[in-house]
There are 2 protein chains.
Amino acid sequence: MERKQQKHDERLEEYSRALTEFFDRLNSWEQSVVSDTGVSLAQMHLIEVIGNRGRMRMKELAQLLGVTTGTLTVMVHRLAERDYLIRLKDEQDRRSYFVDLSEKGKAEYHHHHHMHFHLVEGIVHTLGERESEQFFAHLKKLQDALIIGVLNE
Amino acid sequence: MERKQQKHDERLEEYSRALTEFFDRLNSWEQSVVSDTGVSLAQMHLIEVIGNRGRMRMKELAQLLGVTTGTLTVMVHRLAERDYLIRLKDEQDRRSYFVDLSEKGKAEYHHHHHMHFHLVEGIVHTLGERESEQFFAHLKKLQDALIIGVLNE
DNA sequence: ACAATTACCTTGATACTCAAGGTAATTTTC
DNA sequence: GAAAATTACCTTGAGTATCAAGGTAATTGT
């Protein structure tokens with residue numbers, strides 16, 4: 001019984017290492033992709049979120065990025081200064097702004113998106129069609145679990 | 001033929017989104033775990049690397065973390081000041097130092113490791129034994145591919 | 001009308017990061 | 001074995017990220 005538990009833990013250890021290392025690799029892949037551009041990782045992430053979901057208010061964007069609106073104000077200011085973003089007044093609620101991508105921002109977004117596409121092609125190539133399908137199905141399943149918080153306590 | 005290609009691309013799009021979102025979730029999970037402690041994400045990562053691989057010289061650590069030695073000097077200085085790390089002179093090569101975890105650093109490392117363990121338990125719980133095995137096997141396979149650079153061009 | 005809330009901005013503080021330039025120790029070359 | 005090259009690390013200056021706390025203006029609730 002004891003031995004069985006130990007073996008179980010060892011496997012979890014192994015899994016943990018696999019996850020951590022994979023995560024680190026993805027991180028540095030992302031880092032290296034971004035460092036070829038004129039924007040930082042955090043800035044690219046912002047661009048990505050707006051590119052994916054369209055223009056939105058500061059508040060919403062801050063929540064999606066997981067930063068305070070204070071942080072976001074500064075980031076958006078800098079990106080707008082460098083012509084990646086545009087800010088539009090909301091006429092309905094004049095406290096609010098909409099943040100959207102400029103043409104330059106869109107170009108950056110598409111370029112980055114393209115890189116991701118490449119990465120995924122590489123993954124499919126590595127795992128093969130059948131296993132890729134399983135793999136991404138697992139990712140989706142886990143993501144749902146992470147959303148509803150199964151993995152949080 | 002054309003339609004088939006389009007369908008293929010759509011699937012890759014879907015995979016790309018799944019990967020990105022999973023990655024983001026993991027990121028915020030890590031962020032929330034770390035924010036309960038006294039150290040930053042980058043600092044925790046440093047502690048983790050030393051905890052996993054034992055004491056090492058600045059140069060080596062910088063390479064593993066993907067930062068310059070200049071950056072590392074400052075980080076190590078701060079963590080040593082706050083008693084998470086100790087620095088040891090290398091008597092063989094007196095230009096070098098070894099960086100190692102203090103007792104406090106070890107405690108922090110074990111705590112964080114424990115959190116990872118929990119996360120992995122959650123994953124296994126979500127996917128089930130059999131599918132977990134597949135999933136982590138896929139991660140390992142991809143990691144190897146990322147190392148040798150299949151996914152880099 | 002007045003109070004409470006909301007959306008955003010500003011400021012001050014800490015941290016991360018790099019590039020460039022510096023020092024001291026070690027290794028290589030002649 | 002002295003000079004040159006390399007290596008390991010440190011320092012400094014500049015840009016970015018981040019938050020908390022406090023401020024303003026607009027909106028909503030009573």
Side-chain angles (χ1 to χ4, degrees), chain A residues 24 27-28 30-50 55-82 84-100 108, chain B residues 24 27-28 30-50 55-82 84-100 108:
Chain A
D24 287 350
N27 247 324
S28 48
E30 186 82 9
Q31 181 60 63
S32 81
V33 163
V34 163
S35 70
D36 294 339
T37 71
V39 301
S40 74
L41 201 61
Q43 288 173 333
M44 185 60 89
H45 196 194
L46 191 161
I47 288 172
E48 230 181 324
V49 167
I50 301 191
R55 74 174 195 185
M56 64 184 75
R57 293 178 306 127
M58 297 285 284
K59 182 73 188 301
E60 193 182 354
L61 183 54
Q63 279 166 347
L64 286 170
L65 293 174
V67 301
T68 62
T69 61
T71 297
L72 189 59
T73 296
V74 180
M75 288 183 75
V76 167
H77 182 75
R78 275 201 267 262
L79 282 169
E81 220 171 23
R82 292 171 56 203
Y84 287 98
L85 297 179
I86 48 183
R87 285 159 49 98
L88 302 160
K89 278 200 156 77
D90 179 353
E91 291 304 333
Q92 264 66 54
D93 183 341
R94 282 161 45 207
R95 294 167 306 177
S96 271
Y97 292 88
F98 284 109
V99 183
D100 202 354
E108 199 66 60
Chain B
D24 287 349
N27 246 324
S28 49
E30 187 82 9
Q31 182 59 63
S32 81
V33 163
V34 163
S35 70
D36 294 338
T37 71
V39 302
S40 74
L41 201 60
Q43 288 172 334
M44 186 59 89
H45 196 194
L46 190 160
I47 288 172
E48 230 181 323
V49 168
I50 302 191
R55 72 173 196 185
M56 64 184 75
R57 292 177 308 129
M58 297 286 284
K59 183 71 188 301
E60 192 183 354
L61 183 53
Q63 279 165 347
L64 287 170
L65 293 175
V67 300
T68 63
T69 60
T71 297
L72 189 59
T73 296
V74 180
M75 288 182 75
V76 167
H77 182 75
R78 276 200 266 261
L79 282 169
E81 221 171 21
R82 292 171 55 203
Y84 287 97
L85 298 179
I86 47 185
R87 284 160 47 96
L88 302 160
K89 276 200 158 79
D90 179 352
E91 290 303 332
Q92 265 65 54
D93 182 340
R94 280 161 45 204
R95 294 168 305 178
S96 271
Y97 292 87
F98 285 110
V99 183
D100 202 354
E108 200 66 60

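Order of the sequence lines sets the chain letters (A, B, ...), proteins ahead of strands, with each chain counted from 1. Values reported hereafter were calculated over all heavy atoms of this structure, with side chains retained and with hydrogens, waters and symmetry mates removed. For clarity, every value in this text was computed on a predicted model and none was experimentally measured.
With 3.5 Å as the limit, one finds a donor-acceptor pair spanning the side chains of A/T71 and A/T68.
Using a 4.0 Å cut-off, no side-chain N or O of B/R57 falls inside it from OP1 or OP2 of D/dC9. The phosphate of C/dC16 (OP1 or OP2) has a side-chain N or O of B/S40 nearer than 4.0 angstrom. Remark: A/Q43 is in phosphate contact with D/dA17, judged by side-chain N or O atoms under 4.0 Å from OP1 or OP2. Of the side-chain N and O atoms in B/S96, none sit less than 4.0 angstrom from OP1 or OP2 of C/dA25. Applying the 4.0 Å criterion to OP1 and OP2 of D/dC19, one finds that A/T71 has a side-chain N or O inside that range. Remark: A/R87 is in phosphate contact with C/dC9, judged by side-chain N or O atoms under 4.0 Å from OP1 or OP2.
For the pair B/L65 CG and C/dC18 P, the computed distance is 10 Å after rounding to whole Å. We find that CZ of B/R94 is positioned 8 Å from C1' of C/dA25, with the value rounded to whole Å. Between the CG atom of A/L72 and the P atom of C/dC8 there is a distance of 9 Å, given to the nearest Å. When the P atom of D/dT7 is taken as reference, atom CD of B/Q63 falls 12 Å away, rounded to whole Å. Atoms CE (B/M75) and P (C/dA15) sit 11 Å apart, rounded to a whole Å. Atom CG of A/N27 and atom P of C/dC16 are 15 Å apart (whole Å). When the P atom of D/dT16 is taken as reference, atom CG of B/L41 falls 21 Å away, rounded to whole Å. The separation between B/H77 atom NE2 and C/dT17 atom C1' is 17 Å, rounded to whole Å.
Both B/E60 and B/V74 lie close to DNA chain D; mapped to their nearest nucleotides by heavy-atom distance, the more 5′-ward contact belongs to B/E60.
Side-chain proximity of A/R78 to the nucleotides C/dT17, D/dA17, C/dA15 is greatest for D/dA17. Each of D/dA26, D/dA8, D/dC19 was ranked by its minimum atom distance to the side chain of A/V67; first place goes to D/dC19. Here the side chain of B/T69 is nearest to one of D/dT7, D/dA25, D/dC9, namely D/dC9. Considering only the side chain of A/R95, C/dT6 comes nearest among D/dT11, C/dT6, D/dA8. Distances from the side chain of B/T68 to the nucleotides C/dA19, C/dC16, D/dC10 place C/dA19 closest.
Exactly one residue among B/I50, B/L46, B/I47, B/V76 makes a side chain to side chain contact (heavy atoms under 4.5 Å, CB included) with B/Y84. That residue is B/I47.
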- Query: Would B/R95 and B/D90 satisfy side chain to side chain contact (heavy atoms under 4.5 Å, CB included), going step by step from the backbone distance to the final call?
  - Reply: CA-CA 8 Å; B/R95 294 168 305 178; B/D90 179 352; over 6 Å; no

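Across all their heavy atoms, B/V99 and B/L85 have their closest contact at CG1-CD1, 3.8 Å.
For the pair A/Q31 (side chain) and A/S28 (backbone), a donor-acceptor distance under 3.5 Å is absent. In this structure a side-chain-to-backbone donor-acceptor pair under 3.5 Å is missing from B/R87 to B/D100.
Residue B/Q92 is classed as a sugar-phosphate contact, given heavy-atom separations below 4.0 Å to backbone atoms only.
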